[in-house]
Amino acid sequence: MESGVLAELERGVRRRAGLVIGVLRDGETSVRGRTADGGLLDGQSIFEIGSITKTFTSLLLADGVVRGEWSLDTPVRDLLPAGTTVPSSSGVEITLEHLATHTSGLPNAPIPVVAGSVEMLRGRDPYARLTTEGLLRALGAATLKRTPGTGPVHYSNLGVGVLGLALATATGRAYADLVVERICAPLGLVDTVVDGHLGVVQRSRVVPGHRGRGRPAPPWPLEGMPAAGALRSTADDMLRFLAAQLDPDHTPLVTRSG
């Protein structure tokens with residue numbers, strides 16, 4: 001396993017500013033990393049994990065089902081702030097399951113496509129000005145591409161952002177706190193937090209992002225929809241999370257929720 005990890009690392013850093021690779025096999029882990037110029041990266045180097053955050057949001061959904069707080073077929077309207085407008089189609093409401101499985105019919109993003117694309121081309125965070133209120137306005141103004149629960153999967157950052165907001169609203173906890181309390185802390189994921197919750201020592205281990213040709217890229221905090229991609233984490237934590245996914249019946253989540 002070790003030789004394979006090192007070989008893949010060498011291939012990877014030829015095309016990237018830096019890389020960390022973690023492997024879990026037969027209960028054993030191996031983590032190796034470095035920058036393209038020979039700098040040290042390791043299992044405690046902190047990265048933006050982007051849409052891997054969505055798997056944490058779906059796990060929060062499942063955890064709440066086990067606790068009896070909601071069900072998969074609960075209409076998201078029931079958990080969002082009172083007065084929120086939620087689109088429907090053919091009399092079918094968007095449920096929590098629809099949002100988690102990207103079958104709600106909602107569009108991908110809560111921002112204008114052209115404007116967002118221009119911001120990304122300029123190296124800027126297209127979601128920088130998105131607030132929770134803006135997320136809810138985008139939800140209310142959205143036109144569903146199909147009746148919820150029908151047709152093919154259509155990936156939606158908007159949908160998962162709304163899902164996280166609904167779960168946070170229903171529990172009275174901010175998403176950043178809820179994910180730590182219910183998932184990260186029980187599983188021992190000590191470095192998996194949203195950007196605003198990083199400690200001083202953790203910030204010293206954050207690896208900056210890069211665009212094409214090695215140009216530095218600013219982080220995307222996603223404060224308006226953290227459930228869609230705001231988590232930061234390490235290879236060590238990701239391997240613990242992976243192990244929990246592969247053997248869910250032997251995790252603190254089962255003991256605590258059951």
Side-chain angles (χ1 to χ4, degrees), residues 46-61 75-88 94 96 98-145 148 153-180 192-198 203 206 208-211 216-233:
I46 296 177
F47 294 84
E48 293 177 83
I49 62 171
S51 285
I52 295 175
T53 301
K54 292 180 173 68
T55 65
F56 284 77
T57 303
S58 292
L59 187 52
L60 281 177
L61 168 60
V76 69
R77 182 193 308 274
D78 293 354
L79 303 189
L80 290 170
T84 299
T85 299
V86 181
S88 62
I94 296 174
L96 303 183
H98 294 149
L99 296 173
T101 58
H102 299 274
T103 56
S104 66
L106 286 169
N108 178 26
I111 56 175
V113 175
V114 174
S117 298
V118 169
E119 289 293 282
M120 285 190 287
L121 287 172
R122 292 174 175 172
R124 301 171 183 166
D125 175 5
Y127 301 105
R129 291 184 291 275
L130 181 70
T131 62
T132 297
E133 293 74 20
L135 181 72
L136 292 177
R137 284 196 299 271
L139 172 65
T143 298
L144 299 186
K145 295 179 177 295
V153 168
H154 182 82
Y155 193 83
S156 178
N157 283 296
L158 169 59
V160 181
V162 168
L163 173 61
L165 177 58
L167 304 185
T169 302
T171 57
R173 304 292 290 157
Y175 178 85
D177 297 324
L178 189 64
V179 74
V180 168
T192 304
V193 293
V194 302
D195 184 76
H197 285 220
L198 288 166
R203 287 200 177 278
V206 170
H210 291 79
R211 303 178 68 208
W220 290 12
L222 296 181
E223 294 177 355
M225 55 172 196
L231 286 176
R232 277 68 174 135
S233 191

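Fair warning: this is a prediction, and the values are worked out from it, not measured in the lab.
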In Å and rounded to the nearest 0.5 Å, what is the CG to CG distance from L60 to L178? 5.0 Å

Is there a side-chain contact between P87 and L139 (heavy atoms, below 4.5 Å)? yes

Minimum heavy-atom distance between A217 and R211, given as atom pair plus value: CB-CG, 3.5 Å

Give a yes or no answer on whether the side chain of R232 reaches the backbone of A230 with a donor-acceptor pair at less than 3.5 Å. yes

Side chain R203, main chain D195, donor-acceptor under 3.5 Å: yes

Contact between F56 and I49 at the side-chain level, heavy atoms closer than 4.5 Å - yes or no? yes

With a 4.5 Å cut-off on side-chain heavy atoms, are V160 and M225 touching? no

Testing T85, T84, T131 one by one against L136 for a side chain to side chain contact (heavy atoms under 4.5 Å, CB included), which residue passes? T84

Quick one: pull up CG in L130 and CD1 in I111 and give me the separation to the nearest 0.5 Å. 7.5 Å

Less than 4.5 Å apart, any side-chain heavy atom of L79 and any of T169? no

Report yes if some heavy atom in the side chain of V86 is under 4.5 Å from a heavy atom in the side chain of V162; otherwise report no. no

Derivation and outcome, side-chain contact (heavy atoms from CB on, under 4.5 Å), residues T132 and L165: CA-CA 8 Å; T132 297; L165 177 58; 3.7 Å; yes

Are side-chain heavy atoms of L167 and Y175 found at a separation under 4.5 Å? no

Run the side-chain donor-acceptor check on residues 99-107: report pairs under 3.5 Å with partners two or more places apart or on a different chain.
from: T101; atom 1: OG1; to: E97; atom 2: O; distance (Å): 2.7
from: T101; atom 1: OG1; to: T103; atom 2: OG1; distance (Å): 2.9
from: H102; atom 1: ND1; to: S156; atom 2: N; distance (Å): 3.0
from: S104; atom 1: OG; to: L106; atom 2: N; distance (Å): 3.1

Main-chain N/O of A227 paired with T57 side-chain donor or acceptor, under 3.5 Å: yes

A228 to K54 - nearest heavy-atom pair and separation: O-NZ, 2.7 Å

Tell me the closest heavy-atom pair linking D125 and E119, and the distance in Å. O-OE1, 4.5 Å

Which pair of heavy atoms, one from L158 and one from A142, lies closest together, and at what distance? CD2-CB, 4.4 Å

If you count every heavy atom of other residues, nucleotides or ligands that lies below 6.0 Å from E223 atom CD, does the total exceed 12? no

Keeping the roles fixed (side chain from S58, backbone from T55), state whether a donor-acceptor pair exists under 3.5 Å. no

Hey, what do you get for OG1 (T53) to CG (L222), rounding to the nearest 0.5 Å? 8.0 Å

